[in-house]
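One structure is given below, encoded as structure tokens.
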Protein chains: 2
Amino acid sequence: MPCVSIDCVIFGFHDNQLKVLLLKIEHLEGWALPGGFIYKDEHIDDSARRILHERTGLQDIFLQQFYVFGDAKRSDENITKLVFEKTEFKAPENNWLLQRFLTIGYYALVNFNAVHAAPDYFSEACEWHDINNLPSLAMDHGGIIQEALRTLRTHLHYEPVGYNLLPEKFTMPELQHLYETILDEKLDRRNFQRKMFSYHILKRLKDRRKGVAHKAPFLYSFDLRKYHKALQEGLQTAW
Amino acid sequence: MPCVSIDCVIFGFHDNQLKVLLLKIEHLEGWALPGGFIYKDEHIDDSARRILHERTGLQDIFLQQFYVFGDAKRSDENITKLVFEKTEFKAPENNWLLQRFLTIGYYALVNFNAVHAAPDYFSEACEWHDINNLPSLAMDHGGIIQEALRTLRTHLHYEPVGYNLLPEKFTMPELQHLYETILDEKLDRRNFQRKMFSYHILKRLKDRRKGVAHKAPFLYSFDLRKYHKALQEGLQTAW
DNA sequence: AGGGTAAGTGTTAATTTGACGCAATGCCAA
DNA sequence: TTGGCATTGCGTCAAATTAACACTTACCCT
């Protein structure tokens, strides 16, 4: 489907830092978000899932639409031209489509270690970048990332989505560091734990994280069944 | 811009009921949301504002993008055909565009009494309908309305956007009824008032609502300056 | 004028949140 | 091998917020 694209802000967590997966487009300045187009018979959520799978090799990832970027001047003609040259899409005679592009923003939360980053057809590199140390970005992709981060922060206040960024087993301090990084603020260790427990979505495992300095912390994993149940009943405090 | 439309869920409040403005499309079954297309050099928010202005005569309304509906099968071919027949847009030879349409959902909060409902080019009627008593709706417009309502409810928990639905002057019980209608739950009169006051966005006026049965309630209006200031600093309770 | 009803204001208990203490654990260095 | 030290697990208490409810005042209606 022409004139509309999908861009994915793929968040990962590594070395206590929040990362975003970016592509380096050939012959052009700046990095770009993984993106793509909507196939003819595809639900847009499936398009986003497909793009995500192509770049990361992952399936069944947490993925959420968050905003449509529709400034008339947001497109970069060079990039648009490149896209039309390299794909099956054909610009009509009136070159309507060259002039502007909407993009639907999705954000995804992935397990950093499980990702196999792969460049796409237009790009020469596909790499993680620290959210606090982003390279120069093409078009409005910097703004899209900021908006995704803002959305993620908000969602984190209502739904404990953060663990999607962690491996299956993790410790409470690791989970807390993740939250602190996303929210960019220090949290009290004990109150954090109490709050997390109150959701009843964590399973404490029998084993602990070993080989680490100091007292060995418990390992946890998520109780997905309880998580979905809790979400349905609503976590957020109502009026 | 073809292949993408904008649909507006315009909420109004009247007779203690939440209303939605709907259009009756000529020669077709069911009612539809006011919608339209994006002009060439127009920011999509401006497109939504334009559509809203055309249907209601209003300007400077509270308006918010909330979701993109992108199911591959959501379009109704009859309606799409009608649109192409009646507008300047031309379907390309491959009739790509006849096959599916994305729509960007916006919701708007308007002062019911200020609206002058006007049908558009395709429709024979433009009327308010009770949210709890909707007529048969075209395509997925029923789902769009439900999603808009869900979004409105969520937003109401964070930002006191409700007053956008009321006239400039209103009483506390009126405001409370509005909230009760949107959230579909009973609220305690005294706690509601305290909470509202705590936002410091209301100005109590000197006069009261007169001619009404029982004790005359105070009139209030919004202190827009303080409202925007409060929003910037964030109303929601952080972690 | 008095009854009925809704509005304005205040009080109190329950719950949630924020700030912090202390003992237990497990490296590491002496 | 043992004591120091940083970190984890668990708990406490006060402050703030929320929920539940009582009482007085005002205005229409009969």
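Numbered from 1 within each chain, the chains take letters A, B, ... in sequence-line order.
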Separation of atom [atom1] in [X] from atom [atom2] in [N], rounded to whole Å:
X: A:Asn16; N: D:dT7; atom1: CG; atom2: P; answer: 12 Å
X: B:Met196; N: D:dT18; atom1: CE; atom2: P; answer: 13 Å
X: B:Gln176; N: C:dA7; atom1: CD; atom2: P; answer: 8 Å
X: A:Phe218; N: D:dT7; atom1: CZ; atom2: C1'; answer: 14 Å
X: A:Gln193; N: D:dG11; atom1: CD; atom2: C1'; answer: 11 Å
X: A:Lys195; N: C:dG18; atom1: NZ; atom2: C1'; answer: 11 Å
X: B:Leu187; N: D:dT18; atom1: CG; atom2: C1'; answer: 13 Å
X: B:Phe192; N: C:dA6; atom1: CZ; atom2: P; answer: 18 Å

Restricting to ring pair (Phe, Tyr, Trp, His ring centres under 6.0 Å), what partner residues turn up for [X], sequence neighbours left out?
X: B:His43; answer: none
X: B:Tyr67; answer: B:Phe69
X: B:Phe11; answer: none

Toward the 5' end of DNA chain C, by each residue's nearest nucleotide, B:Arg194 or B:Thr171: B:Thr171
Sugar-phosphate only, base, or nothing, as touched by B:Arg204 at under 4.0 Å among non-hydrogen atoms: sugar-phosphate
Results of salt bridge (Lys or Arg N to Asp or Glu O under 4.0 Å) for A:Glu180 - residues two or more places apart only: A:Lys186
Under 4.0 Å protein heavy-atom contact, by nucleotide of nucleotides 20-30 of chain C - B base, S sugar-phosphate only: BB--BBBS---
Residue list, side-chain hydrogen bond (donor to acceptor under 3.5 Å, both in side chains) with B:Gln193, at least two apart or on another chain: none
Note: A:Lys73-A:Asp71 ion pair, threshold 4.0 Å (strictly below): no
